[in-house]
Amino acid sequence: MAALGHDPADEEFRQEVRAFLRDRLPADMARRNGQGFHASRADTRAWTRILHEKGWSAPNWPVEHGGTGWTLTQQAIFDEECTAAGTPLLDIFGLSMVGPLIFTFGPGELKDRILPAFLRGEISWAQGFSEPNSGSDLGSLQTRAVIDGADYIINGRKIWTSGAHEADMIFCLVRTGEGSRNGLTMLLVDARASGIAIRPIEDIRKEHSLNEVILDNVRTPVANRIGEEGKGWGYAKALLERERAFAAEIPRNRHHLATLKCIARETMRGGKPLIEDNLFAARIAEAEVEFMALEYMTLRAMADNERGGPSFGSFLKIRGSELVQRITQLQVEAMGDHGAYLYSEHAHRAGEPQPAPGPDFAPGIWSEAMYRRASSIYGGANEVQRTLIAKQYLEL
Ligand SMILES: Cc1cc2nc3c(=O)[nH]c(=O)nc-3n(C[C@H](O)[C@H](O)[C@H](O)COP(=O)(O)OP(=O)(O)OC[C@H]3O[C@@H](n4cnc5c(N)ncnc54)[C@H](O)[C@@H]3O)c2cc1C
């Protein structure tokens, strides 16, 4: 499927990545992550440490900040090979969102203190933006921070905070002044600070991935502020653009497409493999063509953005989130009866046996398809993205 890396230097790079994955990716980690469940924080951390030893834990960062300095093609090749090998996905909250904000807007002291530990896999992040009455209308958020000596004191409530229960730090958008957007500031908060209560929210699968975070007189040092006070909206916008570009879900869509083909090859329907059913094969082909178009659109948008052009985050977010929903639905359909049983992610992570019989690829399929129903909501609801496109590009 991949058309990337026809250049001999790229092909050499691909062989280097393959050899590294063969030598260093633990087989049990690859097996766990090949089954469609979310990677555990423990696996993500362990894999980040392994990558860090090779200098590869930040594939999309510039060299001067501890990244690889790879070209976009090299990043895409690395991503393809990692997907094929079954590595856990890296911490996107740190790698693609808050990390670049820290090294871009500083201050330098914060960069030196936080980023090396993150690159070693020692800090995992959660995103504290949404509040009970401020999701799409983020600028109306009410969590307030006031300066007291060398600290900010924070009071308020965040909601839908993915992974906060397993995170070390939360990057929070808080109100430090009036005005819907001018009065916002971005602070990094220790997830275990005194005054923080993290309450679980069960997701559609009855799993614990989401949280409500209550901040009651929580202190964080002024030194943990990204950039300037009151400029948080600008930083959040830069971050959300990155989040939406990431929401094209290229690694995840690639992985799910490969799994879909594997299921269709191994599942018999009407006496022959499902992949030989012309109608089903056409649906897979359609999804694959859309994936390839999305991948190239993403690479082009990233290249344009590096040259100072627009990032097209809203377009990528809509297409990527719709595609991940379609491919995971096709997986469930392809599994027939086995698609009907919801395997438990927490039992899987705990290594507990699951009662239902089924092929090796069955466990995470339905769970993932259910979870991704939310992909058109998280990262900014698709309806809102369509309005942004209408305003920004169509001048409506
Ligand atoms: C699985 C999941 C994980 C999440 N993880 C995080 C996280 O880690 N950190 C974090 O900060 N947040 C997270 N979120 C929150 C997410 O960003 C918000 O749910 C999202 O921005 C929508 O906000 P809301 O839920 O308040 O819905 P609302 O803003 O109340 O919207 C409700 C509905 O109204 C529609 N709507 C609202 N305004 C408009 C408009 N102007 N035009 C047209 N339609 C509109 C929306 O499309 C939506 O369908 C997560 C959400 C989910 C579901």
Worksheet, complete the sentence: Paired with H256, the side chain to side chain donor-acceptor pair (under 3.5 Å) test is passed by just one of E368, E249, R372, namely E368
Discussion item. With ring-ring contact (aromatic ring centres under 6.0 Å, His included) as the rule and sequence neighbours excluded, what pairs involving residues 134-163 come up?
Written reply: none
Discussion item. Just to verify, what does W61 make a ring-ring contact (aromatic ring centres under 6.0 Å, His included) with, not counting sequence neighbours?
Written reply: F103, F118
Worksheet item: Quick one: side chain to side chain donor-acceptor pair (under 3.5 Å) partners of T185, sequence neighbours excluded?
Response: T176
Worksheet item: Who are the side chain to side chain donor-acceptor pair (under 3.5 Å) partners of E64, not counting sequence neighbours?
Response: none
Worksheet item: In Å and rounded to the nearest 0.5 Å, what is the CZ to CE distance from R192 to M169?
Response: 10.5 Å
Item to complete: Indicate whether any N or O donor in one side chain lies under 3.5 Å from an N or O acceptor in the other, for N382 and S321.
Response: yes
Worksheet item: Got a salt bridge between R144 and E131, using NZ or NE/NH1/NH2 to carboxylate O under 4.0 Å?
Response: no
Discussion item. Please find the pair of heavy atoms, one from A58 and one from G66, that lie closest to each other, and give the distance.
Written reply: CB-O, 4.3 Å
Worksheet item: Checking Q325 side chain against R373 main chain: does a donor-acceptor pair fall under 3.5 Å?
Response: yes
Worksheet item: Do any N or O atoms from the side chain of N253 and from the backbone of A248 form a donor-acceptor pair under 3.5 angstrom?
Response: yes
Discussion item. Can you confirm whether K54 is buried at NZ, in the sense that more than 12 heavy atoms of other residues, nucleotides or ligands lie under 6.0 Å from that atom?
Written reply: yes
Worksheet, complete the sentence: Sorted by chain and residue number, the side chain to side chain contact (heavy atoms under 4.5 Å, CB included) partners of T104 (sequence neighbours excluded) come out as none
Discussion item. Please enumerate all residues that pass salt bridge (charged side-chain N to carboxylate O under 4.0 Å, His left out) together with R113, with sequence neighbours excluded.
Written reply: E109
Practice prompt. Quick one: list whatever passes ring-ring contact (aromatic ring centres under 6.0 Å, His included) with H208, sequence neighbours left out.
Written response: H165
Discussion item. To check you understand the geometry: which heavy-atom pair defines the closest contact between L110 and R225, and what is its length?
Written reply: CD2-O, 3.9 Å
Worksheet item: If only atom types and distance count, is the side chain of T143 paired as donor or acceptor with the main-chain N or O of R157 below 3.5 Å?
Response: yes
Practice prompt. Look only at the side chain of Q74 and the backbone of T71, and say whether a donor-acceptor pair between them is shorter than 3.5 Å.
Written response: yes
Worksheet item: Do other residues, nucleotides or ligands put more than 12 heavy atoms under 6.0 Å from the CG atom of N278?
Response: no
Fill in: Basic-acidic side-chain contact under 4.0 Å: R45, D168
yes
Discussion item. Surrounding CG of D112 (heavy atoms of other residues, nucleotides or ligands, distance under 6.0 Å), is the total greater than 12?
Written reply: yes
Worksheet item: Step by step, would you call S140 with S134 a side chain to side chain donor-acceptor pair (under 3.5 Å)?
Response: CA-CA 6 Å; S140 67; S134 305; 2.9 Å; yes
Worksheet entry | Sequence-distant partners of P116, side chain to side chain contact (heavy atoms under 4.5 Å, CB included), two or more places apart | R120
Worksheet entry | Counterpart residues, side chain to side chain donor-acceptor pair (under 3.5 Å), relative to Q142 (two or more places apart) | none
Item to complete: Please name the pair of heavy atoms, one in L173 and one in G232, separated by the smallest distance, quoted to 0.1 Å.
Response: CD1-O, 3.7 Å
Worksheet, complete the sentence: Here the ring-ring contact (aromatic ring centres under 6.0 Å, His included) pairs for residues 21-44, sequence neighbours left out, are F37-H348, H38-Y371
Worksheet item: Does R269 use its side chain to pair, donor to acceptor, with the backbone of A334 at less than 3.5 Å?
Response: yes
Worksheet item: Is the number of heavy atoms from other residues, nucleotides or ligands within 6.0 Å of CD (E12) greater than 12?
Response: no
Worksheet item: Any idea which heavy atoms bring G149 and V222 closest together, and the distance?
Response: O-CG2, 4.2 Å
Worksheet item: What heavy-atom pair brings A39 and N33 nearest, and what distance separates the two atoms?
Response: CB-OD1, 3.3 Å
Worksheet item: Can you name the residues that form a ring-ring contact (aromatic ring centres under 6.0 Å, His included) with W56, not counting sequence neighbours?
Response: F20, W70, F78
Item to complete: Check side chain to side chain donor-acceptor pair (under 3.5 Å) between E228 and all other residues, then give those that pass, not counting sequence neighbours.
Response: K231
